[in-house]
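Chain letters run A, B, ... following the sequence lines, proteins first and then strands; every chain starts at 1.
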2 protein chains.
Amino acid sequence: MERVRGFIRRTKQREVILRVLRSTRSHPTADWVYQEVRKELPNISLGTVYRNLKILTESGEALELSYGSSYSRFDGVATNHYHFVCERCGRVEDVPMPVDDEKDRAVERLMGVKVRQHRLEFYGLCPACQAEMDQRLPHGRADRAETALDEAYPTH
Amino acid sequence: MERVRGFIRRTKQREVILRVLRSTRSHPTADWVYQEVRKELPNISLGTVYRNLKILTESGEALELSYGSSYSRFDGVATNHYHFVCERCGRVEDVPMPVDDEKDRAVERLMGVKVRQHRLEFYGLCPACQAEMDQRLPHGRADRAETALDEAYPTH
DNA sequence: TTACATGCAAACTCTTTGCCACCAG
DNA sequence: CTGGTGGCAAAGAGTTTGCATGTAA
């Protein structure tokens with residue numbers, strides 16, 4: 001997560017993983033991707049799938065629908081409210097903003113589903129981490145992977 | 001998750017866990033709760049903490065800030081969009097609703113943070129699962145815990 | 001030729017579970 | 001009494017990682 005990747009090499013495995021991921025709107029799990037990719041590359045390992053999903057996520061080619069950290073967090077306030085998550089230090093804070101229940105009804109109308117609740121989280125940097133980032137990278141240089149995967153796999 | 005609990009017994013452990021959970025707004029992990037509770041009940045086990053957090057979550061006394069299922073899901077479409085999660089079958093679908101980036105700016109103003117993005121998920125029942133629920137429970141009876149924990153630990 | 005990437009399996013982390021003693025109702 | 005509950009430790013599930021080998025550039 002901290003390591004700066006020199007460049008991202010184009011491999012058969014990575015190519016197929018990205019293609020499989022792009023081929024569906026079903027928000028697959030790593031294991032589903034693994035099973036799909038195996039149809040084409042029977043010898044690929046699950047570890048490779050995980051490694052590549054991580055690289056793709058870090059380089060912005062894919063989204064990971066998780067809570068960031070691997071473990072659950074609990075909230076003793078059971079009434080719905082929104083959260084802000086600092087992507088650097090992991091802190092979770094409540095957002096003092098009214099809950100928009102009207103959105104639930106809108107989704108019900110749009111999709112024919114029954115909505116019980118929604119959850120809204122904002123991701124970014126808390127004030128303290130903003131300050132530290134400015135200190136470490138005074139000239140606005142992002143500490144992302146040096147070479148975006150876009151170069152290897154043009155989307156356009 | 002399917003089992004209907006007869007009643008929820010009042011125990012020292014459950015009492016302290018709930019109190020600890022209510023005592024903070026820091027959205028703690030199970031392990032943090034464990035460490036806190038241990039200050040008062042040094043012999044409590046982590047398993048008990050997990051069991052009780054689960055019971056509290058199921059009975060609506062607490063929220064679990066996780067993605068529901070234990071594993072991550074990935075999304076090959078990296079541009080932000082919203083999701084609907086069926087709480088019964090686990091299906092995840094895109095919500096055809098425009099992304100409200102203005103909310104990010106509002107949170108930045110409210111909290112002094114820098115918001116990079118937000119994530120919004122709706123939870124409920126997909127049409128297929130609604131139908132199945134109606135079939136199994138024709139009279140609208142919720143298959144929740146029979147006795148809410150509210151009875152044992154009045155909040156009001 | 002030189003790093004980065006892969007395959008494999010072992011290791012890790014977080015969470016759940018089986019078992020039996022225990023105790024609240 | 002009796003069945004939910006706790007402690008403990010082992011098992012599970014998902015994910016990560018170390019190492020030797022392979023391979024793109």
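The nearest pair of heavy atoms linking A:V115 to A:R105 is O-NH2, 3.3 Å. Nearest approach of A:V33 to A:P28, heavy atoms of both residues: CG2-CG, 3.9 Å.
In this structure, OH of A:Y34 is placed 10 Å from P of C:dA9, rounded to the nearest angstrom. Note: CZ (A:R51) to C1' (D:dG22) measures 13 Å, nearest angstrom. Between the C1' atom of D:dG6 and the CD atom of B:E15 lies a distance of 15 Å, rounded to the nearest Å. In this structure, A:I55 places its CD1 atom 14 Å from C1' of D:dT17, rounding to the nearest Å. With rounding to whole Å, A:R10 atom CZ is found 11 Å from D:dA24 atom C1'.
In this structure, B:F122 and B:Y82 have perpendicular ring planes: the angle between them is above 60°, well past the 30° mark.
If you check C:dG7, D:dG4, C:dA5 against the side chain of A:S45, the one that comes closest is C:dG7. Nearest to the side chain of B:T11, among C:dG7, D:dG6, D:dG14, sits D:dG6. The side chain of B:R9 sits closest to D:dG3 out of D:dG3, D:dG7, C:dT6. Of the listed nucleotides (C:dT6, D:dG7, C:dC4), D:dG7 has the atom at the smallest distance from the side chain of B:Q13.
Applying the 4.0 Å criterion to OP1 and OP2 of C:dT6, one finds that A:N52 has a side-chain N or O inside that range.
In this structure, A:D31 reaches neither bases nor backbone, as no heavy-atom distance under 4.0 Å exists between it and the strands shown.
Side-chain contact, A:H83 with A:Y123: no donor N or O sits under 3.5 Å from an acceptor N or O.
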